[in-house]
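For reference, the structure discussed in these notes is given below.
FYI, side chains are in, hydrogens and waters are out, and symmetry mates aren't considered; it's all heavy atoms of this structure. Numbers for residues simply follow the sequence, beginning at 1. First listed ligand is number 1; within each ligand, the first listed atom is number 1.
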Amino acid sequence: MNNQRILAHFHESAEIKIQSATVLAQPIAQAIDMMFAALSNGNKILVCGNGGSAADAQHFAAELVGRFERERFPLPALALTTDTSILTAVANDYSYREIFSKQVQAFGQAGDILLAFSTSGNSGNVIAAIEAALEREMRVVAMTGKGGGAIGKLLTDADVHICVPAERTARIQEVHLVTIHCICDGIDVALFGGDAND
Ligand SMILES: O=C(CO)[C@@H](O)[C@H](O)[C@H](O)[C@H](O)COP(=O)(O)O
Ligand SMILES: [Zn+2]
(Lines give C-alpha, C1' and ligand atoms only; values in the text may rest on other atoms or scores of the structure.)
(Ligands and ions follow the chains in the order given, each with its own letter.)
Protein backbone atom coordinates (compact mmCIF):
# COMPACT_ATOMS: atom_id res chain seq x y z
CA MET A 1 0.00 0.00 0.00
CA ASN A 2 1.24 3.42 -0.98
CA ASN A 3 1.72 5.64 2.07
CA GLN A 4 0.86 8.69 -0.03
CA ARG A 5 -2.77 7.63 -0.07
CA ILE A 6 -2.81 7.37 3.71
CA LEU A 7 -1.07 10.72 4.11
CA ALA A 8 -3.62 12.28 1.74
CA HIS A 9 -6.49 11.13 3.97
CA PHE A 10 -4.87 12.70 7.04
CA HIS A 11 -4.08 15.95 5.24
CA GLU A 12 -7.53 16.30 3.71
CA SER A 13 -9.16 15.52 7.06
CA ALA A 14 -7.04 18.14 8.84
CA GLU A 15 -7.65 20.77 6.16
CA ILE A 16 -11.41 20.28 6.18
CA LYS A 17 -11.47 20.43 9.96
CA ILE A 18 -9.62 23.77 9.91
CA GLN A 19 -11.96 25.17 7.23
CA SER A 20 -15.01 23.92 9.13
CA ALA A 21 -13.92 25.47 12.44
CA THR A 22 -14.51 29.01 11.19
CA VAL A 23 -17.86 28.23 9.60
CA LEU A 24 -19.22 25.98 12.35
CA ALA A 25 -18.09 27.68 15.57
CA GLN A 26 -21.24 29.80 15.78
CA PRO A 27 -23.84 27.06 15.14
CA ILE A 28 -21.95 24.71 17.47
CA ALA A 29 -22.07 27.37 20.22
CA GLN A 30 -25.82 27.76 19.55
CA ALA A 31 -26.28 23.98 19.83
CA ILE A 32 -24.45 23.94 23.16
CA ASP A 33 -26.60 26.78 24.55
CA MET A 34 -29.79 25.11 23.32
CA MET A 35 -28.87 21.70 24.73
CA PHE A 36 -27.73 23.11 28.06
CA ALA A 37 -30.97 25.08 28.41
CA ALA A 38 -33.06 22.01 27.58
CA LEU A 39 -31.16 19.74 29.97
CA SER A 40 -31.34 22.39 32.73
CA ASN A 41 -35.11 22.48 32.19
CA GLY A 42 -35.46 18.72 32.71
CA ASN A 43 -35.72 17.89 29.01
CA LYS A 44 -33.79 15.21 27.13
CA ILE A 45 -31.96 14.72 23.86
CA LEU A 46 -32.95 12.05 21.30
CA VAL A 47 -30.31 11.17 18.70
CA CYS A 48 -30.48 9.42 15.31
CA GLY A 49 -28.54 8.68 12.13
CA ASN A 50 -27.69 5.84 9.74
CA GLY A 51 -24.52 3.79 9.37
CA GLY A 52 -21.49 5.70 10.65
CA SER A 53 -23.90 8.35 11.88
CA ALA A 54 -25.74 5.72 13.96
CA ALA A 55 -22.40 5.16 15.67
CA ASP A 56 -22.10 8.93 16.16
CA ALA A 57 -25.57 9.01 17.73
CA GLN A 58 -24.58 6.28 20.18
CA HIS A 59 -21.21 7.90 20.85
CA PHE A 60 -22.90 11.17 21.82
CA ALA A 61 -25.53 9.48 24.02
CA ALA A 62 -22.81 7.48 25.79
CA GLU A 63 -20.87 10.63 26.63
CA LEU A 64 -23.94 12.33 28.05
CA VAL A 65 -25.26 9.37 30.04
CA GLY A 66 -21.78 8.25 31.11
CA ARG A 67 -19.32 11.10 30.98
CA PHE A 68 -17.06 13.09 28.68
CA GLU A 69 -13.92 14.38 30.44
CA ARG A 70 -15.30 15.44 33.79
CA GLU A 71 -16.93 13.41 36.52
CA ARG A 72 -20.57 14.41 36.66
CA PHE A 73 -24.15 13.17 37.06
CA PRO A 74 -25.75 11.34 34.10
CA LEU A 75 -27.49 13.51 31.52
CA PRO A 76 -30.55 12.21 29.60
CA ALA A 77 -29.70 11.36 25.98
CA LEU A 78 -31.16 8.41 24.09
CA ALA A 79 -29.86 6.98 20.80
CA LEU A 80 -32.79 5.82 18.64
CA THR A 81 -30.50 3.40 16.76
CA THR A 82 -30.06 0.65 19.33
CA ASP A 83 -33.25 -1.29 20.04
CA THR A 84 -33.24 -3.96 17.33
CA SER A 85 -36.73 -5.15 18.23
CA ILE A 86 -38.20 -1.69 17.71
CA LEU A 87 -36.10 -1.09 14.59
CA THR A 88 -36.98 -4.39 12.94
CA ALA A 89 -40.66 -4.29 13.91
CA VAL A 90 -41.19 -0.76 12.62
CA ALA A 91 -39.16 -1.38 9.44
CA ASN A 92 -40.99 -4.67 8.82
CA ASP A 93 -44.52 -3.58 9.70
CA TYR A 94 -44.43 0.04 8.50
CA SER A 95 -41.33 1.24 6.65
CA TYR A 96 -37.66 1.91 7.16
CA ARG A 97 -38.51 5.59 6.86
CA GLU A 98 -40.40 5.41 10.18
CA ILE A 99 -37.80 3.66 12.38
CA PHE A 100 -36.81 6.91 14.11
CA SER A 101 -40.00 8.95 13.77
CA LYS A 102 -42.09 6.36 15.66
CA GLN A 103 -39.58 6.57 18.52
CA VAL A 104 -39.68 10.36 18.44
CA GLN A 105 -43.48 10.12 18.71
CA ALA A 106 -43.15 7.63 21.59
CA PHE A 107 -40.43 9.34 23.63
CA GLY A 108 -40.29 12.96 22.52
CA GLN A 109 -41.91 15.75 24.48
CA ALA A 110 -42.15 19.48 23.86
CA GLY A 111 -38.84 21.10 24.80
CA ASP A 112 -36.78 17.98 24.11
CA ILE A 113 -34.11 18.15 21.43
CA LEU A 114 -33.60 15.87 18.44
CA LEU A 115 -29.94 15.64 17.40
CA ALA A 116 -30.10 14.37 13.81
CA PHE A 117 -27.06 13.23 11.82
CA SER A 118 -27.07 12.88 8.04
CA THR A 119 -24.01 13.61 5.92
CA SER A 120 -26.16 14.00 2.77
CA GLY A 121 -29.04 15.74 4.53
CA ASN A 122 -31.30 13.45 2.52
CA SER A 123 -31.89 10.24 4.53
CA GLY A 124 -35.64 9.65 4.60
CA ASN A 125 -35.79 8.24 8.11
CA VAL A 126 -33.84 11.21 9.51
CA ILE A 127 -36.11 13.63 7.63
CA ALA A 128 -39.18 11.84 9.06
CA ALA A 129 -37.68 12.04 12.57
CA ILE A 130 -37.18 15.79 12.19
CA GLU A 131 -40.75 16.22 10.93
CA ALA A 132 -42.04 14.25 13.95
CA ALA A 133 -39.91 16.32 16.32
CA LEU A 134 -41.14 19.62 14.90
CA GLU A 135 -44.75 18.39 15.19
CA ARG A 136 -44.10 17.73 18.89
CA GLU A 137 -42.61 21.19 19.47
CA MET A 138 -39.17 19.76 19.99
CA ARG A 139 -36.17 21.66 18.70
CA VAL A 140 -33.70 20.18 16.26
CA VAL A 141 -29.93 20.25 15.99
CA ALA A 142 -29.04 18.81 12.56
CA MET A 143 -25.50 17.81 11.64
CA THR A 144 -25.19 17.50 7.86
CA GLY A 145 -22.84 18.17 4.94
CA LYS A 146 -23.04 18.46 1.14
CA GLY A 147 -25.03 21.70 1.41
CA GLY A 148 -27.55 20.29 3.90
CA GLY A 149 -29.88 18.58 1.38
CA ALA A 150 -33.59 18.33 2.19
CA ILE A 151 -32.91 18.63 5.93
CA GLY A 152 -31.49 22.12 5.47
CA LYS A 153 -34.78 23.21 3.88
CA LEU A 154 -36.88 21.62 6.64
CA LEU A 155 -35.33 23.36 9.63
CA THR A 156 -36.89 26.45 11.20
CA ASP A 157 -35.18 29.54 12.62
CA ALA A 158 -35.54 27.97 16.08
CA ASP A 159 -33.37 25.02 15.05
CA VAL A 160 -29.60 24.74 14.59
CA HIS A 161 -27.95 23.55 11.38
CA ILE A 162 -24.33 22.42 11.61
CA CYS A 163 -23.54 21.86 7.92
CA VAL A 164 -19.98 20.74 7.21
CA PRO A 165 -18.60 22.52 4.12
CA ALA A 166 -17.50 19.31 2.40
CA GLU A 167 -18.79 16.74 -0.11
CA ARG A 168 -17.04 13.54 0.96
CA THR A 169 -19.03 11.44 3.45
CA ALA A 170 -15.99 10.27 5.42
CA ARG A 171 -14.65 13.82 5.86
CA ILE A 172 -18.08 15.08 6.93
CA GLN A 173 -18.32 12.30 9.53
CA GLU A 174 -14.88 13.20 10.85
CA VAL A 175 -15.99 16.79 11.40
CA HIS A 176 -19.20 15.54 13.03
CA LEU A 177 -17.09 13.62 15.53
CA VAL A 178 -15.03 16.61 16.63
CA THR A 179 -18.30 18.57 16.80
CA ILE A 180 -19.78 15.96 19.16
CA HIS A 181 -16.76 16.42 21.43
CA CYS A 182 -17.08 20.24 21.25
CA ILE A 183 -20.70 19.94 22.37
CA CYS A 184 -19.88 17.55 25.23
CA ASP A 185 -17.11 19.89 26.37
CA GLY A 186 -19.39 22.92 26.06
CA ILE A 187 -22.07 21.28 28.19
CA ASP A 188 -19.48 20.41 30.86
CA VAL A 189 -18.16 23.99 30.85
CA ALA A 190 -21.71 25.35 31.10
CA LEU A 191 -22.31 23.05 34.07
CA PHE A 192 -19.04 23.57 35.93
CA GLY A 193 -17.33 26.57 34.32
CA GLY A 194 -13.61 26.93 33.82
CA ASP A 195 -11.23 25.33 31.42
CA ALA A 196 -12.34 22.13 29.75
CA ASN A 197 -9.13 20.41 30.85
CA ASP A 198 -9.39 21.41 34.52
O1 LIG B 1 -19.97 5.45 7.45
C2 LIG B 1 -20.34 5.41 6.31
C3 LIG B 1 -19.53 5.99 5.22
O4 LIG B 1 -18.34 6.56 5.75
C5 LIG B 1 -21.67 4.79 5.92
O6 LIG B 1 -21.99 3.75 6.82
C7 LIG B 1 -22.79 5.84 5.91
O8 LIG B 1 -22.97 6.32 7.22
C9 LIG B 1 -24.08 5.23 5.36
O10 LIG B 1 -23.92 5.03 3.98
C11 LIG B 1 -25.32 6.10 5.61
O12 LIG B 1 -26.48 5.39 5.19
C13 LIG B 1 -25.28 7.46 4.92
O14 LIG B 1 -26.42 8.21 5.31
P15 LIG B 1 -26.41 9.81 5.39
O16 LIG B 1 -25.19 10.24 6.14
O17 LIG B 1 -26.42 10.32 3.98
O18 LIG B 1 -27.68 10.16 6.12
ZN1 LIG C 1 -17.72 6.01 7.82
Q. Could you walk me through whether His181 and His59 pass the ring-ring contact (aromatic ring centres under 6.0 Å, His included) check?
A. CA-CA 10 Å; His181 288 147; His59 189 151; 5.0 Å; yes
(Q) Working note: Ile45 + Asp112, criterion side-chain contact (heavy atoms from CB on, under 4.5 Å); need CA distance, chi angles, decisive distance, verdict. (A) CA-CA 6 Å; Ile45 302 174; Asp112 289 348; over 6 Å; no
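Neighbouring protein atoms of the Zn ion (ligand 2) (N, O or S, distance under 2.8 Å, waters ignored): Gln173 OE1.
Scanning the protein for heavy atoms near atom 11 (C) of ligand 1, the closest one is Asn50 O, 3.8 Å. From the protein, the heavy atom lying nearest to atom 17 (O) of ligand 1 is Ser120 OG, 2.6 Å. Annotation: atom 4 (O) of ligand 1 to nearest protein heavy atom, Gln173 OE1, 2.8 Å.
Residues Glu63 and Arg67 are not paired through a salt bridge, judged by the lack of any N-O separation under 4.0 Å between the basic side chain and the carboxylate. Between Glu174 and Lys17, none of the side-chain N atoms (NZ, or NE/NH1/NH2) sits under 4.0 Å from a carboxylate O, so this pair counts as no salt bridge.
For atom 13 (C) of ligand 1, the protein comes within 4.0 Å by no heavy atom at all.
Screening Gln103, Arg97, Lys102 for a side-chain contact (heavy atoms from CB on, under 4.5 Å) involving Val90 leaves a single residue, Lys102.
At a cut-off of 3.5 Å, with distance as the only test, a side-chain donor of Glu98 or Ser95 sits close to an acceptor on the other residue.
For ligand 1, the atoms closer than 4.0 angstrom to any heavy atom of Gly51 are 6 (O), 8 (O). Taking every non-hydrogen atom of Ser123 and a distance limit under 4.0 Å, the qualifying atoms of ligand 1 come out as 14 (O), 15 (P), 17 (O), 18 (O).
Residue pairs meeting the ring-ring contact (aromatic ring centres under 6.0 Å, His included) criterion with at least one partner in residues 7-57, sequence neighbours excluded, are absent.
Shown here is Gln105, whose CD atom has more than 12 heavy atoms of other residues, nucleotides or ligands within 6.0 Å.
Residues His161 and Pro27 form no side-chain contact, since every pair of their non-hydrogen atoms from C-beta on lies 4.5 Å or further apart.
Summarising the geometry of Ser118 relative to Val126, their closest heavy-atom pair is CB-CG1, 4.3 Å, with the distance given to 0.1 Å.
At under 3.5 Å, a nitrogen or oxygen of Gly52, whether backbone or side chain, sits near a nitrogen or oxygen of ligand 1. Looking at ligand 1, you won't find any N or O of Thr169 less than 3.5 Å from one of its N or O atoms.
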